[in-house]
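Notes follow once the structure below has been shown.
Positions are given from 1 along the sequence. Just so we're clear, the structure is a prediction, and the values are computed from it rather than from any experiment.
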Amino acid sequence: MCRNIKTLFNFDPPATDEEVRAAALQFVRKLSGFNEPSKVNEEAFHLAVKEVTEVAEKLLASLVTRAPSRNRGVEIERARIKSVRRFGAKGN
């Protein structure tokens, strides 16, 4: 799946509306193969983003877990460390 779509569930603070919409946009881009749709496909593309956003928001609101919320700062640092291990430090 698309690497740009990040996990949005069980974070403190919760995912913002913009983060959910960005994930929906990436999903629709992946499915359609368009980064930006042509004029003829523009309406369908934007409708799909809107509908996927709505479904994602419903999903996130309905999920339940007993696990403690993850801290965004900690997760960002873990991802940075993983990236350095995989690709090396910047400037190499």
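Between Lys50 and Glu54, at least one side-chain nitrogen of the basic residue sits less than 4.0 Å from a carboxylate oxygen of the acidic one, meeting the salt-bridge criterion. In summary, Arg21 and Glu18 do not engage in a salt bridge, as defined by a charged side-chain N under 4.0 Å from a carboxylate O.
Minimum heavy-atom separation, Pro14 to Glu19: O-OE1, 4.3 Å. Annotation for Phe11 and Ser69: closest pair C-CB, 4.2 Å, computed over non-hydrogen atoms. The minimum heavy-atom distance between Phe45 and Phe34, with the atom names listed, is CE1-O, 3.9 Å. For the residue pair Val20 and Thr53, the shortest heavy atom distance occurs at CG1-O, 3.9 Å. Closest of all the heavy-atom pairs between Pro68 and Asn10 is O-ND2, 3.2 Å.
The line from NZ of Lys30 to CG of Leu25 is 13.5 Å long, rounded to the nearest 0.5 Å. We find the CZ-CZ distance between Arg78 and Arg70 to be 9.0 Å, quoted to the nearest 0.5 Å. Between atom CG of residue Leu47 and atom CG of residue Asn41 there is a gap of 12.5 Å, rounded to the nearest 0.5 Å.
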Quiz item: Which is it for Arg72 and Glu75 under the side-chain contact (heavy atoms from CB on, under 4.5 Å) test, yes or no, and what are the steps along the way?
Solution: CA-CA 5 Å; Arg72 288 183 182 274; Glu75 295 300 321; 5.8 Å; no

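Both Val28 and Leu31 are assigned to one and the same hydrophobic cluster, defined by single-linkage of ILVMFWY side chains at heavy-atom distances under 4.5 Å.
In this structure a side-chain-to-backbone donor-acceptor pair under 3.5 Å is present from Arg29 to Asn35.
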